[in-house]
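In this text, all values refer to a predicted model and were calculated from it rather than measured experimentally.
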Amino acid sequence: MNKTQDFSSFFLAETSVVELDLPNGEPMLYQGSPVRVHVHGPATARFTKANEAMQREAAKRVMAAIGNKGKKEAEDKDADAKFLVAITERIENFPFPGGIDAIYREPKLKYVSDQVRTFVGDAGNFFGVGEKP
């Protein structure tokens with residue numbers, strides 16, 4: 001007798017939500033509401049495509065390593081911002097001028113991109129989570 005087996009409880013969720021904190025560890029609130037970043041995780045085509053694009057850019061820079069270090073650092077920041085923008089579905093409760101791209105490129109909001117990058121780097125953040133509003 002062929003019994004259909006369900007392995008879905010072992011799968012990573014496609015998306016998850018980063019609850020942002022301020023650099024001092026307090027929750028990041030905008031007008032009293034928590035700021036959340038809805039991101040696509042490592043089990044999605046969107047994440048894979050964004051990661052591959054970032055890796056291609058890194059490989060190009062390695063091949064063209066002869067040059068200005070300052071330019072390389074700027075290109076690294078640009079590739080990182082593009083990756084984060086590509087995997088971000090939306091940012092909730094933070095209507096920053098210029099949107100998601102501007103948030104990830106603003107040096108004074110570096111802690112936001114740091115938290116998102118760290119979050120998506122841990123597959124555990126996409127395991128056992130349902131779709132969050």
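A50 and I87 get closest at one heavy-atom pair: CB-CG2, 3.9 Å. Of all heavy-atom pairs spanning F126 and H40, the tightest one is CE2-C, 4.1 Å. In terms of heavy atoms, L12 sits closest to P42 at CD1-CG, 4.4 Å.
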Check against salt bridge (Lys or Arg N to Asp or Glu O under 4.0 Å), D78 and R105: CA-CA 8 Å; D78 183 60; R105 291 176 187 280; 2.8 Å; yes

One pair to check against side chain to side chain contact (heavy atoms under 4.5 Å, CB included): I91 and F96. What are the steps and the verdict? CA-CA 9 Å; I91 295 181; F96 191 75; over 6 Å; no

Report the C-alpha separation of E89 and R46 in whole Å, then their side-chain angles, then the decisive distance to 0.1 Å, and conclude whether the salt bridge (Lys or Arg N to Asp or Glu O under 4.0 Å) test is met. CA-CA 10 Å; E89 183 67 34; R46 186 167 170 169; 3.1 Å; yes

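S8 is linked by a side chain to side chain contact (heavy atoms under 4.5 Å, CB included) to D6, F11, counting only residues two or more places apart in sequence or in another chain. Considering only residues two or more places apart in sequence or on other chains, F83 meets the ring pair (Phe, Tyr, Trp, His ring centres under 6.0 Å) condition with F47. Looking at residues two or more places apart in sequence or on another chain, you find a side chain to side chain contact (heavy atoms under 4.5 Å, CB included) between F10 and F7. Residues satisfying the ring pair (Phe, Tyr, Trp, His ring centres under 6.0 Å) test with F127, not counting sequence neighbours, are none. Among residues two or more places apart in sequence or in another chain, the side chain to side chain contact (heavy atoms under 4.5 Å, CB included) test is passed with V18 by L20, V37, V39, F119.
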Would you list the atom pairs, donor with acceptor, under 3.5 Å between side chains in residues 108-117 and any protein atom, with sequence neighbours excluded?
residue : atom : partner : partner atom : Å
K110    : NZ   : D114    : OD1          : 3.1
K110    : NZ   : D114    : OD2          : 2.8
S113    : OG   : K110    : O            : 3.0
D114    : OD1  : R117    : NH1          : 3.1
Q115    : OE1  : D21     : N            : 2.9
Q115    : NE2  : D21     : O            : 2.6
Q115    : NE2  : Y111    : O            : 3.2
R117    : NE   : D80     : OD1          : 3.0
R117    : NE   : D80     : OD2          : 3.3
R117    : NH2  : D80     : OD2          : 2.6

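Rounding to the nearest 0.5 Å gives a distance of 8.5 Å between NZ of K3 and CD of Q5.
Test I100, L29, I103 against F94 for side chain to side chain contact (heavy atoms under 4.5 Å, CB included) and you get one pass: I103.
A distance-only check finds no donor-acceptor pair linking the side chain of N93 to the backbone of Y30 [under 3.5 Å].
Side-chain contact check for P34 versus E19: some heavy-atom pair is nearer than 4.5 Å.
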